[in-house]
Amino acid sequence: MELIHLHDKTFKPYITEQVIDERVAQIAQNISADLKKTLPLFIVVLNGSFIFAANLVKKLPFPCEITFVKLASYQGTQSTGQVTEIIGLTEAIENRTVVIVEDIVDTGTTIEKLYHLLKQKKAKQIKTATLLFKPTAYKKDIPIDYICMEIANDFVVGYGLDYDGLGRNLKDIYVLT
Ligand code: 5GP
Ligand code: MG
């Protein structure tokens, strides 16, 4: 078993590229069945989702658009706490079917914010897709429509996911030892 060292931590093999690929193919089929007639816009949340998104969209045999966003949080000028903004979204959202593409849904805070922002922009239908889902960590009630894999509440890297900048290029997924 090949251990990987990133910064001060050690990771062990967890999910192989082959297993991930089979699951990505399965959710691509489900997405196709549900959305092939809707000309959906896939909204890929950078950075971690880039490999998942690339492999997913190659498996979709129908017309679709793909765009990439980042989420930025800052303190509002009022004392209303955190304001979240979508960076990079130039496409019109109103009356469209959109699919949020995430690397991992943990507590759900990130995906919930994006979901509400897209709702404000009057999307017709909002679907959510994620490579990994941690059911025991999830605290929100946004439906996660397409899940490749559910995992325990552990920290993982690889296949796009990083630990402090490193590990995104690993082709398999590894878990903290
Ligand atoms: P949430 O907002 O759902 O709590 O967390 C989502 C974000 O936290 C993910 O997009 C990701 O950046 C980070 N995250 C959560 N769990 C993990 C993990 O196991 N590994 C890595 N690399 N990032 C994680
Ligand atoms: Mg993410």
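Note that ligands are numbered from 1 as they come in the structure, with each ligand's atoms numbered from 1 the same way. Note that the coordinates shown come from a computational prediction; the quantities given were computed from them, not determined experimentally.
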request  = Looking only at non-hydrogen atoms, find the nearest pair between S32 and L60 and report the distance.
outcome  = OG-CD2, 3.9 Å

task = Could you tell me which atoms of ligand 1, counted from 1 in the order shown, lie closer than 4.0 angstrom to a heavy atom of V156?
result = 18 (C), 19 (O), 20 (N), 21 (C), 22 (N)

inquiry  = Using heavy-atom distances only, which candidate in L161, V45, D106 approaches atom 15 (C) of ligand 1 most closely?
reply    = D106

query = Measuring from the heavy atoms of G108, does anything fall under 4.0 Å of ligand 1?
reply = yes

task = Mark yes or no for whether K134, through its side chain, and D154, through its backbone, hold a donor-acceptor pair below 3.5 Å.
result = yes

request  = Find all atoms of ligand 1 within a distance of less than 4.0 Å from any non-hydrogen atom belonging to D162, and give their numbers and elements.
outcome  = 21 (C), 22 (N)

query = Would a distance-only check, ignoring hydrogens and angles, find a side-chain to backbone donor-acceptor pair under 3.5 Å from D172 to E17?
reply = yes

inquiry  = Donor-acceptor pair, distance only, cut-off 3.5 Å: does the side chain of T128 make one with the backbone of P143?
reply    = yes

key: D21/K171 salt bridge by N-O under 4.0 Å criterion   = no

key: Non-hydrogen atoms of A72 and I87 that approach each other most closely   = CB-CG1, 3.8 Å

ask   = Which atoms of ligand 1 sit under 4.0 Å from any heavy atom of K134?
value = 16 (N), 17 (C), 18 (C), 19 (O)

message = Which of the numbered atoms in ligand 1 are under 4.0 angstrom from any heavy atom belonging to T110?
response = 1 (P), 2 (O), 5 (O), 6 (C)

message = Within the structure, is a non-hydrogen atom of D154 found at a distance of less than 4.0 Å from ligand 1?
response = yes

request  = Kindly determine whether E65 and R96 satisfy salt bridge (charged side-chain N to carboxylate O under 4.0 Å, His left out), including the steps that lead there.
outcome  = CA-CA 11 Å; E65 292 180 28; R96 291 203 68 172; 3.2 Å; yes

ask   = Does an N or O from Y163, backbone or side chain, lie closer than 3.5 Å to an N or O of ligand 1?
value = no

query = Mind checking whether V157 has an N or O less than 3.5 Å away from an N or O of ligand 1?
reply = no

inquiry  = Quick one about E102 and T130 (side-chain donor to acceptor, distance below 3.5 Å, no hydrogens or angles considered), yes or no?
reply    = no

remark   = Among T107, D103, I173, the residue with a heavy atom nearest to atom 1 (P) of ligand 1 is T107

query = Hey, is E102 one of the residues with a heavy atom under 4.0 angstrom from ligand 1?
reply = yes

message = Check this for me - ligand 1, F155, N or O atoms closer than 3.5 angstrom, yes or no?
response = no

